[in-house]
Amino acid sequence: MKPYVLELREIDKMSQMVVGGKGMNLGECSRIEGTLVPEGFCVTTEAYKRVIGENEELQQLLEQLAVQKVDERKRISEISRKIRELIEGIEIEKGIEQDIDRCLLTFGLEHAYAVRSSATAEDLPFASFAGQHDTYLNIIGRDKVLRHISKCWASLFTDRAVIYRIQNGFDHSQVFLSVIIQRMIFPQASGILFTADPLTSNRKLLSIDASFGLGEALVSGLVSADCYKVQKDEIVDKMIATKKLATYGLKEGGTETQQINPDLQKSQTLTDQQILQLARKGRQIEAYFGCPQDIEWCLVEDTFYIVQSRPITTLFPVPEANDQENHVYVSVGHQQMMTDPMKPLGLAFYLLTTPAPMRKAGGRLFVDITHSLASPVSREILVDTLGQSDPLIKDALMTIIERDFIKLLPTDDKELSPSSNKSMSSAGFQTQFKNDPTIVSELINSSETSINELKQTIQTKSGSDLFDFILEDLQQLKKILFDPQSLGVIMTAMDASSWINEKMNMWLGEKNVADTLSQSVPNNITSEMGLALLDVADVIRPFPEVIHYLQHVKDDNFLEGIVTFEGGQESQDAIIAYLNKYGMRCAGEIDMTKTRWSEKPTTLVPMILSNIKELEPNSGKRKFEQGRQAALKKEQELVDRLMQLPDGKRKAEETKRVISLIRNFIGYREYPKYGMISRYFVYKQALLKEAEQLVQANVIHKKEDIYYLTFEELREVVRTKKLDFEIISKRKNDYKFYGKLTPPRVLTSDGEIIAGKYKRENLPAEAIVGLPVSSGVIEGRARVILNMEETVLKEGDILVTSFTDPGWTPLFVSIKGLVTEVGGLMTHGAVIAREYGLPAVVGVENATKLIKDGQRIRVNGTEGYIEIL
């Protein structure tokens with residue numbers, strides 16, 4: 001029989017399911033040399049299970065709780081209250097009481113005790129459950145201890161604990177509670193120690209909060225605390241709080257919050273010597289557990305006691321480096337407009353595609369830019385280039401440069417100076433490209449021919465041959481992506497846009513003119529995709545039976561059933577034609593494991609129906625023509641105004657030449673990614689065929705399990721037909737955990753997140769600031785959308801979301817403005833917003849939290865801010 005009681009010294013890291021996360025960590029802390037933990041014991045989860053037993057009423061209530069959703073607060077509260085009352089009313093059986101009595105006699109019945117909850121789903125590396133369950137201090141007497149054990153068990157069902165479990169996907173009936181009984185100590189000071197700075201995530205900066213009296217008042221936010229920062233055994237910062245209150249234990253039991261003597265209110269809680277002593281203890285505990293820790297401590301007569309230690313679960317992981325040098329990492333997701341985590345196979349394909357020095361962390365990719373930052377030649381170019389796409393990244397990098405975090409290498413006189421690399425000059429920018437639109441057509445045709453050949457050849461490959469073939473074809477993809485002519489077209493268009501914006505501002509005092517000139521350009525595969533879905537809506541619009549059928553489809557095989565209705569064949573043909581051209585796309589498409597529209601065509605149905613309802617027939621062609629006319633009109637207006645200036649004829653001719661470059665070349669900016677995603681989809685379909693065979697051989701449970709393996713791991717599994725399935729389970733849990741983390745734009749090897757700031761003046765008082773990427777000012781209803789599949793948009797809404805990649809483009813035809821948390825001047829959302837003439841502001845920190853769904857807002861895409869009206 002498993003024990004009902006364990007002393008702390010009997011507990012180790014294998015005890016979590018018996019004593020919960022908190023109990024296990026305290027047991028482990030008591031094993032660390034020189035670490036004092038108040039002595040005591042745990043009433044194990046076996047006692048909890050025994051007491052709860054086969055209680056039918058409780059089982060029924062748990063079943064009712066299991067089906068509740070987070071927003072059903074009232075019902076959750078009602079069921080939880082009944083469960084708490086039931087648990088507190090159950091009598092603790094004699095055998096358990098006897099074991100508890102034995103321990104209380106050992107440690108002294110006359111002493112006061114802290115009675116603390118410790119759940120099995122608590123203080124985990126991926127979910128802390130901090131503060132979810134109850135703690136009772138200064139409990140005196142056997143009967144009171146027993147009563148408070150029942151109260152702790154019941155606290156497993158406080159409203160906050162239940163809601164936290166629902167949010168984190170824990171089964172209520174599979175979480176058990178142990179109760180820690182520890183000798184009460186009465187400290188003169190207590191607090192919290194973070195071995196990594198909770199504000200910046202810097203692993204080398206340790207943070208201590210300290211206040212007088214018991215720590216519970218500090219943890220619950222009742223009192224202010226001093227804050228000390230320690231780095232390399234040196235106090236680098238102190239903030240001394242005015243401490244008006246402190247909580248102390250009473251002789252008769254319980255606690256009381258008292259006023260602090262006015263003379264002591266502004267005094268430093270810990271001496272400098274004590275601060276450094278505690279910091280060293282924190283580093284020792286962190287080293288023992290192997291990860292940054294959140295530690296609760298108490299100070300009694302110059303001796304520190306540890307009363308809790310748990311992993312800090314909110315830190316973003318640090319990319320692994322092969323050395324001890326300083327490194328700087330920039331997020332790929334912020335450049336690619338996809339900040340969600342990627343599954344291992346998706347990460348592997350992206351790594352096989354890019355030549356950049358990449359690192360993985362938290363399910364995301366980062367570029368290690370250390371080498372470029374250390375070079376005097378490349379530093380300025382790198383910072384300027386990244387700054388053009390995202391000013392927040394530039395500002396963060398400037399902070400790192402000012403700190404001298406990366407030392408400059410000595411320069412060679414033969415090396416070019418950064419300034420000689422500028423493409424701008426007073427006479428206009430230099431371009432080796434002749435202004436020939438057929439260059440773009442040839443690049444597109446060449447890519448499409450190559451993809452068609454790939455589709456044919458890959459069908460003949462299987463097993464190890466398939467993996468060899470994909471690796472070969474990835475070399476072909478790299479050749480296309482990094483083809484000098486292809487890159488030259490894109491750079492020419494970007495330089496032309498910059499030149500136009502700079503010169504028109506200088507000559508005519510008009511900002512961001514290139515935004516209007518870029519509307520409805522030819523060869524933009526992504527904006528064409530949005531307009532093409534309007535054409536699909538036009539085909540379906542005349543057929544009410546088909547529309548009614550689409551309003552109720554839930555199955556992805558709906559295209560088979562559509563033909564039974566009048567107009568069904570035409571509708572099916574239109575949707576299939578659309579999927580043949582664009583079906584490899586989806587939201588978050590750089591992760592090849594994400595479900596494509598071809599794999600889940602129901603994703604497109606709400607957008608098609610929305611287009612039928614909200615937009616007039618022939619909207620696609622009309623929107624394109626309106627944009628084209630707006631661009632032509634703007635060009636003519638600029639030329640007319642320039643002709644009035646000194647040297648106007650030359651300025652007008654030069655401007656017309658550069659506008660022509662923009663209109664001929666800027667549309668191609670979106671094409672290389674389309675080519676890459678098209679190839680990824682071909683690879684994916686071939687690998688899923690291999691996965692089907694692995695399912696049949698019982699190597700994996702379902703074919704999508706291969707997404708949790710790297711390319712090389714999958715190759716080995718296909719070869720050997722062997723796999724430890726624990727790897728898949730662990731990676732699924734990791735992926736779920738990574739989804740809760742917010743990736744930083746810029747991260748250092750110390751784990752520090754460097755947040756950039758916009759430097760802007762003369763903005764309205766309550767303005768929410770971002771980066772202006774598409775000119776114009778618009779007012780409308782904010783639609784805050786985090787999942788594209790759940791979208792219902794009305795024409796004239798303003799889309800507010802965390803990011804948009806090409807998979808979001810079909811929504812752009814219905815909206816009249818765009819706000820995103822991520823993005824830069826040349827990222828997808830900005831390019832398409834300009835193409836469609838939508839005012840847009842991107843890179844808006846926490847936009848989806850600051851702006852509420854349904855609020856009326858004003859978006860200023862010229863100056864880069866949003867106002868809530």
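The shortest side-chain heavy-atom distance between Leu205 and Val236 falls under the 4.5 Å cut-off. With a 4.5 Å cut-off on side-chain heavy atoms, Lys281 and Phe304 do not count as touching. At least one side-chain heavy atom of Val43 sits under 4.5 Å from a side-chain heavy atom of Trp153. For the pair Leu276 and Asp272, the minimum side-chain heavy-atom distance is 4.5 Å or more. Residues Ile90 and Ser150 fail the side-chain proximity criterion, which asks for heavy atoms closer than 4.5 Å. Counting heavy atoms from C-beta on, the side chains of Gln182 and Leu26 come closer than 4.5 Å. When side chains are defined from C-beta on, Lys22 counts as touching Thr135, because their heavy atoms get closer than 4.5 Å. A heavy-atom distance below 4.5 Å is found between the side chains of Leu214 and Pro187.
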Discussion item. Please evaluate residues Ile181 and Phe107 with respect to the criterion side chain to side chain contact (heavy atoms under 4.5 Å, CB included), reporting the C-alpha separation (whole Å), side-chain torsions for both, the decisive distance (0.1 Å), and the verdict.
Written reply: CA-CA 10 Å; Ile181 317 288; Phe107 293 112; over 6 Å; no
Worksheet item: Would Asp233 and Arg280 count as a side chain to side chain contact (heavy atoms under 4.5 Å, CB included) if you check the C-alpha gap in whole Å, the side-chain angles of each, and the deciding distance to 0.1 Å?
Response: CA-CA 8 Å; Asp233 215 26; Arg280 285 190 285 273; 3.1 Å; yes
Fill in: Test side chain to side chain contact (heavy atoms under 4.5 Å, CB included) applied to Ile83 and His172, step by step
CA-CA 12 Å; Ile83 293 175; His172 305 297; over 6 Å; no
Discussion item. For Ile192 and Asp294: C-alpha separation, side-chain torsions, deciding distance, then whether side chain to side chain contact (heavy atoms under 4.5 Å, CB included) applies.
Written reply: CA-CA 7 Å; Ile192 304 165; Asp294 164 357; 3.4 Å; yes
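Residue Lys266 places its NZ atom among 12 or fewer non-hydrogen atoms of other residues, nucleotides or ligands, all under 6.0 Å distant.
With hydrogens and angles ignored, the 3.5 Å screen pairs no side-chain donor or acceptor of Ser15 with any backbone N or O of Met24. Side-chain N or O atoms of Arg183 include none that pairs as donor or acceptor with a backbone N or O of Gly108 at under 3.5 Å. Here the side chain of Ser178 pairs no donor or acceptor atom with the backbone of Ser118 at under 3.5 angstrom. Thr35 places no side-chain N or O within donor-acceptor distance of the main-chain N or O of Arg31, the cut-off being under 3.5 Å. Looking only at distances, a side-chain donor or acceptor of Glu821 sits under 3.5 Å from a matching main-chain atom of Ala847. A distance-only check finds no donor-acceptor pair linking the side chain of Arg84 to the backbone of Ala154 [under 3.5 Å]. Side-chain atoms of Ser77 do not come within 3.5 Å of backbone N or O of Lys74 as any donor-acceptor pair. In terms of modelled atom types and a separation under 3.5 Å, the side chain of Thr44 and the main chain of Pro3 share a donor-acceptor contact. Distance alone, capped at 3.5 Å, is enough to place a donor-acceptor pair between the Ser190 side chain and the Gly213 backbone. Using a distance-only test at 3.5 Å, with no hydrogens or angles considered, a donor-acceptor pair links the side chain of Asp226 to the main chain of Thr269.
In this structure, Tyr48 has no side-chain hydrogen bond (donor to acceptor under 3.5 Å, both in side chains) partners at least two apart in sequence or on a different chain. The salt bridge (Lys or Arg N to Asp or Glu O under 4.0 Å) test applied to Lys151 returns Glu88, not counting sequence neighbours. For Asp171, the side chain to side chain contact (heavy atoms under 4.5 Å, CB included) partners are Ser173, Gln174, not counting sequence neighbours. Glu78 is linked by a salt bridge (Lys or Arg N to Asp or Glu O under 4.0 Å) to Arg75, counting only residues two or more places apart in sequence or in another chain. Partners of Glu286 under the salt bridge (Lys or Arg N to Asp or Glu O under 4.0 Å) rule, at least two apart in sequence or in another chain, are Arg283. Listed by chain and residue number, nothing satisfies the ring pair (Phe, Tyr, Trp, His ring centres under 6.0 Å) test with Tyr305 (two or more places apart in sequence, or in another chain). Under the side-chain hydrogen bond (donor to acceptor under 3.5 Å, both in side chains) criterion, Asp323 pairs with His327, not counting sequence neighbours. Listed by chain and residue number, nothing satisfies the side-chain hydrogen bond (donor to acceptor under 3.5 Å, both in side chains) test with His148 (two or more places apart in sequence, or in another chain). Contacts of Phe366 classified as ring pair (Phe, Tyr, Trp, His ring centres under 6.0 Å), with partners at least two apart in sequence or in another chain: Phe316. The side-chain hydrogen bond (donor to acceptor under 3.5 Å, both in side chains) check on Gln68 picks up nothing, with sequence neighbours excluded.
Side chains of Ser117 and Asp134: a donor-acceptor N/O pair is absent below 3.5 angstrom, by distance only. Side chains of Asp302 and Gln274: a donor on one and an acceptor on the other come within 3.5 Å.
Once rounded to the nearest 0.5 Å, the distance linking CD of Glu325 with CD1 of Ile406 reads 9.0 Å. Atom-to-atom distance recorded for Cys29:SG and Ile11:CD1 is 11.5 Å, nearest 0.5 angstrom. Rounded to the nearest 0.5 Å, atoms OG1 (Thr399) and CZ (Phe405) are 12.5 Å apart. Put simply, OH on Tyr4 and OG1 on Thr45 are 11.0 Å apart, with the number rounded to the nearest 0.5 Å. In this structure, Ile393 CD1 and Ser331 OG are separated by 6.5 Å, a value rounded to the nearest 0.5 Å. The CD1 atom of Ile87 sits 4.0 Å away from the CD1 atom of Ile52 when rounded to the nearest 0.5 Å.
Scanning all heavy atoms of the two residues, the minimum distance from Tyr758 to Gly843 falls at OH-O, 2.8 Å. Heavy-atom minimum distance, Pro341 versus Arg364: CD-NH2, 3.4 Å. The nearest pair of heavy atoms linking Tyr228 to Lys238 is CD2-CG, 3.9 Å. Between Val318 and Ala361 the shortest heavy-atom distance is C-CB, 4.1 Å. The shortest non-hydrogen separation linking Leu747 to Ile753 is CD1-CG1, 3.8 Å. Nearest heavy atoms, Ser267 versus Leu264: OG-O, 2.7 Å.
Using a 4.0 Å cut-off between charged side-chain N and carboxylate O, Arg73 and Asp159 make no salt bridge. Ion pairing between a basic and an acidic side chain is recognised when a charged N comes within 4.0 Å of a carboxylate O; Glu845 and Arg745 show such pairing. A salt bridge links Glu7 to Arg9: one of the charged nitrogens lies within less than 4.0 Å of a carboxylate oxygen.
Annotation: cation-pi pair Arg310/Phe289 absent, no NZ/CZ under 6.0 Å from the ring centroid and within 45° of its normal.
Contacts classified as salt bridge (Lys or Arg N to Asp or Glu O under 4.0 Å) and involving residues 747-757 (residues at least two apart or in different chains) are given here: Lys204-Asp750, Arg403-Glu752. Within the structure, salt bridge (Lys or Arg N to Asp or Glu O under 4.0 Å) pairs that include any residue of residues 104-117 do not occur (at least two apart or interchain).
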